[in-house]
Number of protein chains: 2
Amino acid sequence: MLTVNGLSKAARITPDAVRHYMRIGLLVPSRDPKNGYRLFDDEALKRARFIRRAKGLGFTLQDIQTIFSYADNGRSPCPEVRAIIQQRIAENRASVTELGELLERMEDALERWKSMPDGEPDGDEICHLIESVPLGR
Amino acid sequence: MLTVNGLSKAARITPDAVRHYMRIGLLVPSRDPKNGYRLFDDEALKRARFIRRAKGLGFTLQDIQTIFSYADNGRSPCPEVRAIIQQRIAENRASVTELGELLERMEDALERWKSMPDGEPDGDEICHLIESVPLGR
DNA sequence: TAGAACCTGGGTGCCGCACACAGGCAAGGA
DNA sequence: TCCTTGCCTGTGTGCGGCACCCAGGTTCTA
């Protein structure tokens with residue numbers, strides 16, 4: 001049986017993460033009657049490692065909740081898992097695209113600014129560099 | 001003079017965003033003594049539009065605070081602006097890379113899973129699809 | 001005169017933790 | 001025996017950038 005710190009080391013996550021997972025119900029400890037310490041069994045260790053793996057694949061903690069509730073009710077989570085990851089892949093593609101477009105705007109701006117002098121405060125503009133950039137729709 | 005809603009329309013942001021910017025001190029309204037309504041002048045409208053532009057370039061609200069405080073003290077924010085955007089560009093590149101790597105892992109996993117059957121609960125594994133994935137370091 | 005549409009303040013929720021506080025408990029050495 | 005060190009406990013707050021909701025007051029329009 002492991003304490004919070006012990007579990008955090010065995011599963012290679014921070015103690016704060018362990019506490020967080022407890023708070024949201026992903027990990028449920030028992031108690032040492034002697035001192036009230038939380039104790040985690042092998043099942044909890046398995047879960048903690050699973051969480052680490054799943055997070056590394058882009059599953060959210062909510063997703064992992066869902067997966068656990070399937071498993072806890074004796075049903076296979078696999079079909080859901082396939083569906084969820086497709087969803088997350090789509091979201092991820094969208095945000096990569098979006099971030100890439102932002103990055104391009106940023107680089108363009110920096111480049112254009114190279115040939116522009118710094119402005120002096122004139123009570124009319126806040127920063128002419130930024131104000132020289134066209135508004136996105 | 002514009003109310004919250006009026007400003008939100010003139011600057012093309014949501015009323016909730018206007019309220020948020022007020023809360024964190026980016027926009028400071030005066031008051032209509034008749035009814036206590038918040039009133040925004042042209043200066044505030046200029047600021048609201050500036051916020052929209054700067055956000056579109058990847059500046060955080062904190063960055064914008066900094067820029068405003070330069071301008072408010074009669075100093076040119078331009079050198080800071082150049083420094084900040086370089087910083088944000090670097091961060092953005094890092095997260096694009098990171099997200100891209102995550103996306104790759106996700107796609108690889110989905111692909112491998114195509115040739116794997118759904119598992120049935122056996123009390124040993126939670127989801128063999130996910131557990132078949134190697135741990136990242 | 002009624003209803004719609006606006007306004008006010010304040011609070012909560014999202015995501016995944018990180019950090020901090022104040023105090024209790026356990027095990028070692030001087 | 002006391003002191004130190006290092007674990008543990010519960011609780012609360014902060015991050016970014018809003019979105020949403022509540023309960024109630026005000027203003028405009030038909």
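When rounded to the nearest whole Å, the span between CZ of B/R38 and P of D/dG25 equals 18 Å. Following rounding to the nearest Å, B/D32 (CG) and D/dG25 (P) show an atom-to-atom distance of 19 Å. Here the C1' atom of nucleotide D/dA19 and the CE atom of B/M22 are 15 Å apart, to the nearest Å. Remark: P of D/dG16 and CD1 of B/I13 are 19 Å apart, rounded to the nearest angstrom. Counting to the nearest Å, the P atom of D/dC7 and the CG atom of A/L7 are 15 Å from each other. For B/N5 and D/dC28, the CG to C1' distance is 14 Å, given to the nearest whole Å. Nucleotide D/dG17 holds its C1' atom 7 Å from the OH atom of B/Y21, rounded to whole Å.
Checked by atom type and distance alone, the side chain of A/E131 pairs as donor or acceptor with a backbone atom of A/C127 at under 3.5 Å. B/E125 places no side-chain N or O within donor-acceptor distance of the main-chain N or O of B/I130, the cut-off being under 3.5 Å. Side-chain N or O atoms of B/K55 include none that pairs as donor or acceptor with a backbone N or O of B/F50 at under 3.5 Å. With hydrogens and angles disregarded, a donor-acceptor distance shorter than 3.5 Å links the side chain of A/R105 to the backbone of B/G56.
For B/Y37 and D/dG25, the shortest distance from a side-chain N or O to OP1 or OP2 is not below 4.0 Å. Taking side-chain N and O atoms only, B/T14 has a distance below 4.0 Å to OP1 or OP2 of D/dA19. The side chain of B/K34 places no N or O atom within less than 4.0 Å of a non-bridging phosphate oxygen (OP1 or OP2) of D/dT27.
Taking 4.0 Å as the cut-off between side-chain N and carboxylate O, B/R88 and B/D63 count as a salt-bridged pair.
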Next on the checklist: Test salt bridge (Lys or Arg N to Asp or Glu O under 4.0 Å) on A/R93 and B/E107; report intermediate values, then the result.
Outcome noted: CA-CA 11 Å; A/R93 286 205 185 111; B/E107 286 168 338; 2.7 Å; yes
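The footprint of chain A on DNA chain C, defined by a heavy-atom cutoff below 4.0 Å, extends from C/dG16 to C/dA26.
Within 4.0 Å of A/R23, counting heavy atoms only, lies at least one base atom of the nucleic acid. Among the atoms of the strands shown, base atoms are found under 4.0 Å from some heavy atom of A/D16.
Here D/dC18 is the nucleotide among D/dG10, D/dC18, D/dC7 with the atom lying nearest to any side-chain atom of B/H20. Distance from the side chain of A/T3 is smallest to D/dC7 among D/dC18, D/dT27, D/dC7.
Remark: B/R31 is not positioned above the aromatic ring of B/Y37, lacking an NZ or CZ atom under 6.0 angstrom from the ring centre and at most 45 degrees off the axis.
Across the interface with DNA chain C, nearest-nucleotide mapping of A/R19 and B/R31 shows B/R31 to be the residue nearer the 5′ end. Taking the nucleotide of DNA chain D with the nearest heavy atom to each of B/N35 and B/K55, the more 5' of the two is matched to B/K55.
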